[in-house]
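Working notes for the structure below.
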There are 2 protein chains.
Amino acid sequence: MILARIILGLLDLAPMSGYDLKRHFDTTINHFWSADRAQIYRTLARLVEDGLVTVETLAGAKAPDRHEHRITPEGRDALREWLTSELDRQPERDAFLARLFFAGSLDDAELAGLLARYRAAAQEQLDALEAIRASTPPPADRRARLRIVTLNCGLTRTRAELDWLDEVTKELT
Amino acid sequence: MILARIILGLLDLAPMSGYDLKRHFDTTINHFWSADRAQIYRTLARLVEDGLVTVETLAGAKAPDRHEHRITPEGRDALREWLTSELDRQPERDAFLARLFFAGSLDDAELAGLLARYRAAAQEQLDALEAIRASTPPPADRRARLRIVTLNCGLTRTRAELDWLDEVTKELT
DNA sequence: ATCTTCCATAAGACTTGTCTACTAGCTTCG
DNA sequence: CGAAGCTAGTAGACAAGTCTTATGGAAGAT
């Protein structure tokens, strides 16, 4: 389960509560993975059960109790094992391509609308990624460089998608 | 649920059994969606229950009974409604980027290996997509053109990914 | 003559992920 | 003063997807 590995990865950077993790998922991690609160807490519970993570309850002075989670040596081993394990090819899943594939029954205007709306969404995503990159300081160490590199992947892909969309739009009208 | 829509889309092209659908998922549809047998049969049952699809059992002369599924007018309406509905932005989910993001603790050789293995997989996928395109006759109608267009999206994306990988590999070594 | 593969469906357990709502105190803004 | 929003975690239902096993005949291979 990948979510568990990602959580281990985040806890390897710093000890965190479930809430902290959720924030990371919604910001830093957002461009390649997302997670629901409930899912995060459940996964954390399982990681603790499996001994890959420990919990410490910190009584909150001005906030509710925090459950601070810390990765264990076994957790670090599991993380390392994941990073060096064989790649498991994940199947493609693209709801937009599915629609487009079956869009033969739409008329020209409807099809053009579908493409235009997707283009707008893609452009928006490109802007968002570029904004993140613009606000990221130049990478100091290996870790920071890897973070930028994953961002660049999103940028490259999104730009490629925009090129493809323009081509398609020209071709189909 | 997108699987149900895709099944409706396929049944709109021709009446089919669950088995036929599975074959389509493993071939035609494969580059943008995949589905498990059990999942397909369950979804079909629900579509029938909802009146979007009808079943007719054909006693198999030389094979087991086939349940031929046919889309109903209500099914066609539902399909059309999907095609013209608002786009729901699907969250990114990329197991490889997740690994790369956390690969800071790997040494240079391990990181290079990770990238090389992913590159090989991407190249393989590119070859597979190109093989499909090469074996596809030039598009005659709108539907056929849309099919090619979705294929092209995969090609464009995969090529962009390969470019990105080369850049990353150069940068990190 | 047996072994594998294809055709075709079904049942069941299990894992992942999503959605909604609840508790409860603190801060901030109007 | 009250409403909204943040911090923090919990609970339960539900939806979607995966994996495994079972059945059983027909065609083709070795």
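What you see is a predicted model, and the numbers here were worked out from it, not measured in a lab. We name chains A, B, ... by the order of the sequence lines, and we start the count at 1 in each one.
Listed for the A:T156 side chain is a donor-acceptor partner under 3.5 Å among the backbone atoms of A:N152. Remark: the backbone N or O of B:I2 is not paired with any side-chain donor or acceptor of B:W82 at under 3.5 angstrom.
Following rounding to the nearest Å, B:R5 (CZ) and D:dA16 (P) show an atom-to-atom distance of 10 Å. Per the geometry, NE2 belonging to B:H24 stands 14 Å off P belonging to C:dA8, to the nearest Å. When the P atom of C:dA24 is taken as reference, atom OH of A:Y19 falls 18 Å away, rounded to whole Å. Between B:E68 atom CD and C:dC7 atom C1' there is a gap of 14 Å when expressed in whole angstrom units. Rounded to whole Å, atom P of C:dT18 lies 17 Å from atom CG of B:L3. Taking atom CD1 of A:I2 as the reference point, atom C1' of C:dG17 lies 13 Å away to the nearest angstrom. Here D:dG9 presents its C1' atom at 14 Å from CG of A:L58, a figure rounded to the nearest Å. Between A:D50 atom CG and C:dT15 atom P there is a gap of 12 Å when expressed in whole angstrom units.
DNA chain D lies under 4.0 Å from at least one heavy atom of each of the following residues of residues 34-42 of chain B: B:D36, B:R37, B:A38, B:Q39, B:R42.
An OP1 or OP2 oxygen of C:dT16 is reached within less than 4.0 angstrom by no side-chain nitrogen or oxygen of A:T43. Note on A:R23: every side-chain N or O is 4.0 Å or more away from OP1 and OP2 of D:dC6.
With hydrogens and angles left out, the side-chain atoms of B:D20 and B:S17 include a donor and acceptor closer than 3.5 Å.
Heavy-atom nearest nucleotides on DNA chain C were determined for A:R46 and for B:H69, and the one closer to the 5' end corresponds to B:H69.
Residues A:T158 and A:H31 form no side-chain contact, since every pair of their non-hydrogen atoms from C-beta on lies 4.5 Å or further apart.
In this structure, A:Y118 and A:F96 have parallel ring planes: the angle between them is below the 30° cut-off, well short of the 60° mark.
B:D163 has no carboxylate O lying under 4.0 Å from a charged side-chain N of A:R159, or vice versa, which leaves the two without a salt bridge.
Residues in residues 164-173 of chain B take part in these salt bridge (Lys or Arg N to Asp or Glu O under 4.0 Å) pairs, two or more places apart or across chains: B:R119-B:D166.
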